[in-house]
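No hydrogens, no waters, no symmetry mates; every other heavy atom, side chains included, goes into these values. A note on names: the letters A, B, ... follow the listed sequences, proteins ahead of strands, and every chain is numbered from 1.
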Amino acid sequence: MKTSKILFFLAVMFLSGSAFAQTSKMNPADFHGATADKKSYKVVYQLNTDDEKVIKATMRNINNALDDPRLKGKLEVELVVHGGGVAVFKKDQPYEAQLKELQGKGVILAECENTMRERKISRDELFDFISYVPSGNGEIIIRQQQGWAIVHP
Amino acid sequence: MKTSKILFFLAVMFLSGSAFAQTSKMNPADFHGATADKKSYKVVYQLNTDDEKVIKATMRNINNALDDPRLKGKLEVELVVHGGGVAVFKKDQPYEAQLKELQGKGVILAECENTMRERKISRDELFDFISYVPSGNGEIIIRQQQGWAIVHP
Amino acid sequence: MKTSKILFFLAVMFLSGSAFAQTSKMNPADFHGATADKKSYKVVYQLNTDDEKVIKATMRNINNALDDPRLKGKLEVELVVHGGGVAVFKKDQPYEAQLKELQGKGVILAECENTMRERKISRDELFDFISYVPSGNGEIIIRQQQGWAIVHP
């Protein structure tokens with residue numbers, strides 16, 4: 001009796017072992033991405049360069065995340081801008097329409113106050129519909145420790 | 001009686017619904033950053049380039065995070081250096097004073113041992129007050145899974 | 001009696017206080033990296049540029065993480081490719097052998113379908129052994145909120 005139980009137990013272990021091997025060697029064509037089974041998702045996007053390519057990619061990336069069928073309607077986004085990234089918020093730059101579109105989708109637009117001081121930028125130079133945070137780095141850290149994801153395009 | 005209860009329930013739902021709509025459409029001027037209500041915060045900074053601009057930005061960013069009024073006195077930082085980032089730790093580079101200042105604030109300065117082997121760098125070439133970790137990538141992964149935030153300037 | 005208890009309590013607090021001060025001012029030579037005491041680790045690597053240096057660094061970084069003695073045999077990796085990063089999966093690029101080696105080690109190779117549409121790339125142009133996800137950004141966000149670490153080399 002005891003031996004049969006042990007044999008049965010070993011058989012189960014062996015079978016589940018090979019099942020595990022099979023999933024880890026699954027057919028790549030069968031993988032279509034992680035499943036979003038949470039009720040809501042939160043992400044901080046970090047922008048810290050005035051490189052036009054990166055600025056545009058960051059806004060495109062945020063839109064792609066918001067449009068991902070898995071996250072549609074349940075993703076909260078905060079764009080944290082520091083260092084050279086401040087360019088995106090400058091009135092003399094061509095991003096007003098895209099920023100307002102993002103804001104219309106609920107995206108928080110947050111500029112680092114440290115950057116403002118370090119670069120001697122006045123709030124008058126930036127769009128008046130943005131928010132300010134004490135430091136972009138602090139914001140990114142606090143958000144992650146509140147459970148937000150981070151993406152740095 | 002029952003109907004009144006249902007009406008009351010619907011009214012509550014309606015009111016909380018509009019309250020939610022209001023917070024999600026809050027005035028950007030009213031947002032001043034996330035609240036740091038945890039007792040302590042931990043963050044890994046990743047540096048993997050010898051680009052002087054990025055090296056300097058990384059050290060400035062760490063100082064800004066440590067000085068953020070929300071995190072003051074409760075932020076632990078580890079600077080994980082790998083790849084080209086090793087430049088920051090080289091004796092012939094001009095970062096000794098800034099690194100010692102960071103270390104004085106409790107920042108762990110960690111160099112990747114893989115990089116040392118791959119680039120055939122001897123420990124004699126680097127400042128003697130730094131620490132070494134088996135791999136910078138492993139360190140970044142383990143730290144995150146221990147609950148640390150990650151910032152890659 | 002009570003006074004002696006209070007004195008004892010204060011002494012313990014004082015001693016543990018100085019012990020804490022000692023650990024926070026530990027000798028850097030005594031730090032050899034975080035301890036990996038979890039049973040398994042998971043990480044998403046983000047690749048979003050066609051810069052050959054970054055592509056190669058990303059693959060080297062993944063191998064270094066898999067080989068880190070602390071993570072050996074217990075690290076699951078997914079490489080999420082979007083934007084310019086799609087270059088790594090193109091048949092006319094020289095990365096087939098390295099990608100297959102990574103896949104042999106269990107690394108999921110995931111291409112962003114948004115990028116495919118935006119850049120009008122046909123699946124025929126990419127290696128047939130990769131996987132596709134609705135959006136690279138969505139994938140990175142969902143994975144992090146499932147508890148995966150993120151590394152962006």
Side-chain angles (χ1 to χ4, degrees), chain A residues 40 42 44 46-51 73 75-80 82-85 89 99-100 102-119 123 126-153, chain B residues 20-46 48-49 51 53-79 107 140 143-153:
Chain A
S40 67
K42 294 165 192 282
V44 167
Q46 178 187 13
L47 175 63
N48 61 335
T49 171
D50 61 358
D51 181 336
L75 178 63
E76 197 173 336
V77 181
E78 179 173 337
L79 173 61
V80 176
H82 65 100
F89 290 150
L99 289 172
K100 283 195 167 162
L102 287 176
Q103 193 170 52
K105 294 180 183 178
V107 177
I108 299 173
L109 307 171
E111 171 60 34
C112 169
E113 288 177 344
N114 264 328
T115 301
M116 302 294 283
R117 272 190 302 272
E118 283 167 6
R119 300 184 179 227
R123 291 196 179 199
L126 306 192
F127 297 122
D128 61 7
F129 55 83
I130 65 166
S131 304
Y132 292 87
V133 295
S135 85
N137 276 267
E139 187 71 7
I140 292 168
I141 294 165
I142 297 168
R143 283 307 197 193
Q144 283 186 77
Q145 304 240 310
Q146 283 179 343
W148 292 48
I150 166 102
V151 180
H152 186 197
Chain B
F20 180 77
Q22 273 172 352
T23 45
S24 68
K25 282 189 185 170
M26 70 173 175
N27 186 341
D30 292 339
F31 179 74
H32 304 289
T35 305
D37 45 18
K38 294 183 69 179
K39 279 190 187 163
S40 67
Y41 287 81
K42 294 164 190 282
V43 62
V44 167
Y45 273 81
Q46 179 186 13
N48 63 335
T49 171
D51 180 337
K53 244 180 94 177
V54 180
I55 292 178
K56 287 184 177 172
T58 301
M59 298 203 277
R60 201 167 49 238
N61 285 348
I62 294 176
N63 279 313
N64 280 343
L66 288 165
D67 288 342
D68 188 305
R70 297 171 293 177
L71 295 174
K72 198 99 188 170
K74 48 185 189 173
L75 178 63
E76 198 174 336
V77 181
E78 180 173 337
L79 172 61
V107 178
I140 292 168
R143 282 308 195 193
Q144 283 185 78
Q145 304 240 310
Q146 284 178 343
W148 292 48
I150 166 99
V151 180
H152 187 198

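- Looking at B:Leu75, the atoms closer than 4.5 Å to chain A (heavy atoms on both sides) all sit in the side chain, from C-beta outward.
- Distance check, rounded to the nearest 0.5 Å: CG of B:Asp30 to OG of A:Ser131 gives 8.5 Å.
- Between chain A and the residues B:Leu66, B:Val151, B:Ile150, the largest count of heavy-atom pairs under 4.5 Å involves B:Ile150.
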Derivation of the side chain to side chain contact (heavy atoms under 4.5 Å, CB included) call for A:Glu118 and B:Asn64:
CA-CA 11 Å; A:Glu118 283 167 6; B:Asn64 280 343; 3.1 Å; yes
Evaluate the side chain to side chain contact (heavy atoms under 4.5 Å, CB included) criterion for residues A:Glu139 and B:Arg70: first the C-alpha distance (whole Å), next the side-chain angles of each, then the deciding distance (0.1 Å), finally the verdict.
CA-CA 9 Å; A:Glu139 187 71 7; B:Arg70 297 171 293 177; 2.6 Å; yes
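- Residue A:Gln46 touches chain B through its side chain alone, counting heavy-atom pairs closer than 4.5 Å.
- Heavy atoms closer than 4.5 Å to chain B are found nowhere in A:Leu109, neither backbone nor side chain.
- With rounding to the nearest 0.5 angstrom, the OG1 atom of B:Thr35 is 8.0 Å from the CD1 atom of A:Ile142.
- With contacts defined as side-chain heavy-atom distances shorter than 4.5 Å, the pair A:Pro134/B:Asp68 qualifies.
- Looking only at heavy-atom pairs under 4.5 Å with chain B, the residue among A:Asn114, A:Asp128, A:Val80 that has the most is A:Asn114.
- Taken to the nearest 0.5 Å, the CZ atom of B:Phe31 stands 12.0 Å off from the CD1 atom of A:Ile130.
- The CD atom of A:Gln145 sits 11.5 Å away from atom CG of B:Asp37, with the distance rounded to the nearest 0.5 Å.
- When the shell of 6.0 Å around NZ of A:Lys105 is examined, it contains more than 12 heavy atoms from other residues, nucleotides or ligands.
- Taking CD1 from A:Ile141 and NZ from B:Lys42, the interatomic distance works out to 13.0 Å, rounded to the nearest 0.5 Å.
- A 4.5 Å side-chain heavy-atom check between B:Val43 and A:Gln144 finds every atom pair outside the cut-off.
- With a 4.5 angstrom heavy-atom cutoff, B:Ala57 does not touch chain A via any of its atoms.
- Within a 6.0 Å radius of NZ in B:Lys53, other residues, nucleotides and ligands contribute 12 heavy atoms or fewer.
- Between B:Asn63 atom CG and A:Asn137 atom CG the span is 10.0 Å, to the nearest 0.5 Å.
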